[in-house]
There are 2 protein chains.
Amino acid sequence: MSSVDKQLENLKAEITTELPRDISVSDVKYEGPELVVYTRDPKKFAKNGDLIRKLASKLRKRITVRPDPDVLSDPREAEPQIMDVIPEEAGVTDLDFHADTGEVVIEASKPGMVIGRHGSTLRQITQEVGWTPEVVRTPPIESSTVSNVRNFLKQEREDRRRILERTGRQIHRESLSNDEWVRITTLGCCREVGRASFILSTPDTRILIDCGDKPGSDDVPYLQVPEALGSGANSLDAVVLTHAHLDHSALIPLLFKYGYDGPIYTTEPTRDLMGLLTLDYLDVASKEGRAPPYESEMVREAIKHTIPLEFGDVTDIAPDVKLTFHNAGHILGSAVSHFHIGDGLYNVAFSGDIHYKDTRLFNGAVNDFPRVETLVLESTYGGRNDYQTDQADSEERLLEVIKETYNKGGKIVIPAFAVGRSQEIMLVLEEAMRSGKIPEMPVHLDGMIWEATAIHTTYPEYLRDDLRDRIFHDDENPFLAEQFNHIDGGEEERQDVADGDQCIIISTSGMVTGGPIMSWLRHIGPDPKSRLVFVGYQAQGTLGRRIQTGWDEIPVSDPNDVGRSSTLQLKMDVETVDGFSGHADREGLENFVKTMNPRPEKVLCVHGDERSVQDLSSALYHNYNMRTFAPKNLETFRFK
Amino acid sequence: MSSVDKQLENLKAEITTELPRDISVSDVKYEGPELVVYTRDPKKFAKNGDLIRKLASKLRKRITVRPDPDVLSDPREAEPQIMDVIPEEAGVTDLDFHADTGEVVIEASKPGMVIGRHGSTLRQITQEVGWTPEVVRTPPIESSTVSNVRNFLKQEREDRRRILERTGRQIHRESLSNDEWVRITTLGCCREVGRASFILSTPDTRILIDCGDKPGSDDVPYLQVPEALGSGANSLDAVVLTHAHLDHSALIPLLFKYGYDGPIYTTEPTRDLMGLLTLDYLDVASKEGRAPPYESEMVREAIKHTIPLEFGDVTDIAPDVKLTFHNAGHILGSAVSHFHIGDGLYNVAFSGDIHYKDTRLFNGAVNDFPRVETLVLESTYGGRNDYQTDQADSEERLLEVIKETYNKGGKIVIPAFAVGRSQEIMLVLEEAMRSGKIPEMPVHLDGMIWEATAIHTTYPEYLRDDLRDRIFHDDENPFLAEQFNHIDGGEEERQDVADGDQCIIISTSGMVTGGPIMSWLRHIGPDPKSRLVFVGYQAQGTLGRRIQTGWDEIPVSDPNDVGRSSTLQLKMDVETVDGFSGHADREGLENFVKTMNPRPEKVLCVHGDERSVQDLSSALYHNYNMRTFAPKNLETFRFK
């Protein structure tokens with residue numbers, strides 16, 4: 001008998017002892033980080049509201065109770081019973097019964113009303129029908145990404161259970177080493193922005209954190225070195241994804257092409273956004289005639305292997321590592337990742353990309369951890385002069401620019417990441433038009449912005465408190481304002497917009513490295529009355545950065561003849577309005593560290609240009625007396 | 001056709017063009033780092049004295065010319081012809097013909113006389129008989145190690161040629177990477193003394209430097225991590241051994257158990273000493289009832305895979321790495337290893353263990369390199385107070401201690417490494433007795449000291465200039481002085497010595513971690529008239545260090561009953577005479593760095609206790625304004 005089987009047998013005995021006599025345990029299994037308890041008495045279990053919580057705290061495990069398949073009622077009987085329990089206002093849009101696990105997935109417009117106060121409605125459902133309910137939200141704006149992901153996971157349910165079971169046994173295997181050390185290896189995004197990737201390793205465990213591309217460059221993380229995938233992709237225990245931007249996520253699916261078959265830990269919105277962005281990444285590559293590094297099948301593999309975690313859930317991901325995600329304030333689902341290693345041995349936090357202050361979309365990044373000895377900190381705006389304007393001032397400036405351009409009869413073109421900055425700007429514009437600060441005019445959303453917005457509205461728990469309330473309690477969803485127009489008619493619609501009246505266009509890509517923004521530059525670039533407004537970070541080597549620094553002759557390819565390219569004279573005004581970045585500025589980065597309690601002993605400054613990481617590293621060392629480093633790629637640091 | 005075959009074809013054409021018309025080239029092959037040119041006209045080749053040198057400089061390769069096997073004369077005819085050419089005083093002891101390569105190995109007491117001025121005699125031999133002569137020295141003191149190694153290599157000649165050919169093709173393969181970086185990974189001997197081991201890596205190449213054990217501990221280098229052997233032992237391109245002490249060499253044979261099948265680069269004496277010391281290491285392990293980590297077969301594999309290099313020879317060991325050894329002054333054959341990487345990209349020197357000043361045995365360490373950007377520097381005596389007495393003063397003190405003990409009627413017991421310190425002390429004692437500074441008395445050599453001394457006399461080229469001259473030109477070999485007695489009669493002889501008159505005993509192990517010194521402690525330890533004199537470094541955790549710091553109750557195992565151990569009251573005086581160390585002291589280490597020209601940009605201080613590496617690192621930083629580091633084990637540093 002393997003050590004895991006022995007462990008499960010002991011757990012079964014312990015749970016049986018803890019439970020009242022009349023509740024039987026037919027099986028216990030690991031599924032990913034969770035312990036699943038099968039019972040022939042699910043209804044009785046549900047009646048004892050506190051039982052699961054007590055068991056979980058006693059066993060220090062995350063516990064799910066499921067009915068033994070033998071005692072399940074017929075879905076045709078269960079369905080009306082369930083609908084009876086749920087209030088009609090919940091707006092149930094789908095019920096899906098899974099006899100293999102005894103779960104029923106309930107999709108509803110108002111999941112809160114399916115859950116009930118402290119889960120009371122859910123418990124009532126189980127008491128009535130025995131099935132274990134699981135609730136998901138019906139996207140308020142239809143999202144093909146969300147529905148594709150959900151359908152795909154439904155279809156792959158069996159395979160997914162196998163993956164989860166295998167992962168569960170891996171996580172709970174016996175620790176074999178007597179040695180103790182903690183190491184971080186840098187595979188990318190050191191002294192540069194882009195291709196984020198790290199390995200966190202202990203004698204037992206190797207975890208890959210992020211695996212992104214580098215905008216404006218072909219550089220990829222150093223996956224080929226022995227300490228990365230050199231000894232086989234399956235030598236990794238886990239992959240953790242901090243957020244969905246491509247410079248963190250683009251090459252996650254590639255891992256599966258390389259044979260990785262383990263879990264990806266991330267938040268639910270990051271999973272969906274990763275699906276959206278990586279499929280687009282493949283699409284862009286093939287449109288530009290480059291060989292995509294993997295096939296769309298691998299994106300599906302990545303989604304199938306994802307184990308979504310919620311902020312604050314402490315989760316075992318290896319025999320000696322617990323992972324907890326916290327809000328990072330950067331984009332939807334973005335997470336600061338905290339690793340607790342060994343039994344109190346060491347703690348490492350990876351900031352991922354953070355925004356320290358609240359924005360319209362998100363609460364500011366969490367920096368409150370019980371313990372962190374080493375912090376790996378993004379440094380995008382770590383340079384000594386990288387102070388950003390307050391967002392209030394920036395908004396005012398943006399509205400001024402819009403008014404001026406409007407009055408001249410021009411159009412405003414805003415390149416923006418589909419995910420994050422677009423929605424922030426949408427919120428600014430919606431409010432400004434509603435309150436009459438700028439004239440009402442159409443706001444055209446091009447590229448994947450519409451779809452990304454739909455995903456935002458599917459996961460309001462991840463948005464800023466008051467925005468969440470507006471969306472779901474007051475039916476005032478600002479993203480549904482009528483000014484917003486989804487460009488879904490291709491070049492023809494763009495031509496119409498370009499020929500039409502004043503308007504605002506928000507379009508991807510955010511760094512002008514491709515995508516529909518290229519088309520907008522062709523249409524509107526020659527118009528001196530119009531304006532191009534940058535609202536986000538432009539990495540070195542990108543066309544966006546070049547235009548920002550004065551280039552006005554832009555190579556563009558003919559949309560009707562991909563091979564041919566010509567030069568476009570950019571005559572529109574170019575403006576940069578700082579202060580909308582999804583990244584903390586220099587002050588925010590310092591504050592993130594300064595207000596930590598306790599402060600970390602060591603800080604690795606990464607994800608910034610050479611100057612930025614050096615400046616930040618030196619400032620943190622001098623101002624807060626910590627050991628700081630500005631690592632290069634391909635280095636390994638040992639802690640402990 | 002592989003790229004290497006194409007390369008060889010081009011080389012053959014080029015060589016044919018360069019040579020006079022009447023000299024044919026029948027084949028060219030790589031054997032290890034050398035290019036072997038086969039010709040049907042070896043005699044003509046030999047007549048043109050300068051041809052090989054010119055070819056080598058033209059092609060920038062090390063070139064060996066061999067006769068095509070078809071044109072070889074019968075050894076029975078060739079032998080008397082060869083003996084005619086060589087002067088009788090050369091003292092030829094063996095002639096060995098190898099028809100497979102057309103080589104004849106000549107063993108002689110005076111190899112210089114076989115070589116002749118600028119190789120004239122060698123050339124004459126080839127002109128006469130066509131065979132290519134290779135000369136080795138007949139050990140002046142019989143050495144079973146040297147003769148075993150030579151016989152073994154003779155017997156394994158064919159297998160060895162296959163290894164060399166494969167290695168040659170590996171070295172000269174095409175470089176595949178466009179990337180450029182240079183990294184060092186620390187696998188041992190960081191913030192500690194013992195288990196020296198490093199990986200030097202580039203995108204193309206991975207080289208292991210040293211692989212030792214840790215005296216007084218079971219710790220071994222971190223070979224299991226992915227960047228070491230985690231991706232398979234054959235992911236290494238080469239192994240470089242700086243010297244034969246076990247803390248650098250003990251686990252080299254283990255690599256072959258793990259499947260390594262590539263070359264070991266080291267000096268010829270280090271190869272032989274490694275054979276001696278690792279076989280003893282296995283012997284000690286089995287005597288102490290520990291499972292040896294590998295079998296003696298693996299020591300033979302290591303010897304078979306060794307490609308010996310001479311000091312100053314610049315040798316291609318990978319497509320992008322050239323290795324040059326320089327005298328390190330520490331023990332026989334010890335080398336500072338200089339790596340030239342890429343085409344002028346970067347240079348790294350590993351000091352190995354060094355002695356900066358001249359000693360009786362060796363010239364001081366070489367620190368003169370065309371370029372070194374990073375130096376990995378031993379720090380054994382790097383602590384702020386680690387200044388050693390001048391050897392002249394130390395010698396005086398040692399002689400005083402000997403006189404005092406002699407006058408009291410006691411014996412002197414000196415624990416010493418078999419290799420290095422023993423011979424240094426022998427030279428001191430021989431001179432002191434010859435010049436009447438101390439009374440004549442027997443000097444008993446126990447453990448492997450005699451055998452190690454024999455190996456020293458086999459390789460006088462590696463000894464200090466004037467000592468070499470004494471041994472070979474003046475027939476004044478000090479190691480042959482009649483005071484020296486080889487303890488080869490076991491416990492019985494030791495008992496006789498212990499019961500006898502005043503004498504000096506030099507015995508292994510040097511750190512009192514086992515070996516015959518334990519027996520001498522039992523015999524002489526209880527005698528208050530006698531003295532135990534430490535003349536070398538005692539690592540933390542060793543019994544030697546404990547005795548030095550005052551322990552006088554020593555656990556000893558009963559020689560007749562291995563399982564039983566008892567406590568021995570140490571009543572003899574304990575004395576430490578510093579200044580004989582094979583290691584540079586703090587001043588020597590600083591001088592080694594200070595007098596380098598140009599100085600390295602970065603220094604990694606390794607191979608020293610925590611305090612020593614920190615002190616040295618900080619001093620070099622402050623005094624010479626270099627970037628210095630005191631790495632931990634398991635870290636990776638990137639340069640370039």
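Letters go in sequence order (proteins before strands), and every chain restarts at 1. Below, each value reflects all heavy atoms present in this structure, side chains not excepted, and no hydrogens, waters or symmetry copies.
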For Glu635(A), salt bridge (charged side-chain N to carboxylate O under 4.0 Å, His left out) partners two or more places apart: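 Here no residue qualifies.
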Greater than 12 external heavy atoms within 6.0 Å of Gln224(B)'s CD: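 Check passes, neighbour count above 12.
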Distance-only polar pair, side chains of His172(B) and Asp316(B), donor-acceptor under 3.5 Å: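 There is no such pair (donor and acceptor under 3.5 Å, judged by atom type) between the side chains of His172(B) and Asp316(B).
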Side-chain H-bond candidate by donor/acceptor type, Thr205(B) with Asp320(B), under 3.5 Å: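 Checked: Thr205(B)/Asp320(B) side chains pair up, N/O donor to acceptor below 3.5 Å.
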Aromatic ring proximity, centroids under 6.0 angstrom, Phe339(B) and Tyr346(B):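 Between Tyr346(B) and Phe339(B), the centre distance exceeds or equals 6.0 Å.
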Beyond-backbone contact of Val239(B) with Tyr265(B), side-chain heavy atoms, under 4.5 angstrom: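 Counting from C-beta outward, Val239(B) and Tyr265(B) never come under 4.5 Å.
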Close contacts, residues 179-198 of chain A versus chain B, judged by heavy atoms under 4.5 Å: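 Result: Asp179(A), Trp181(A), Arg183(A).
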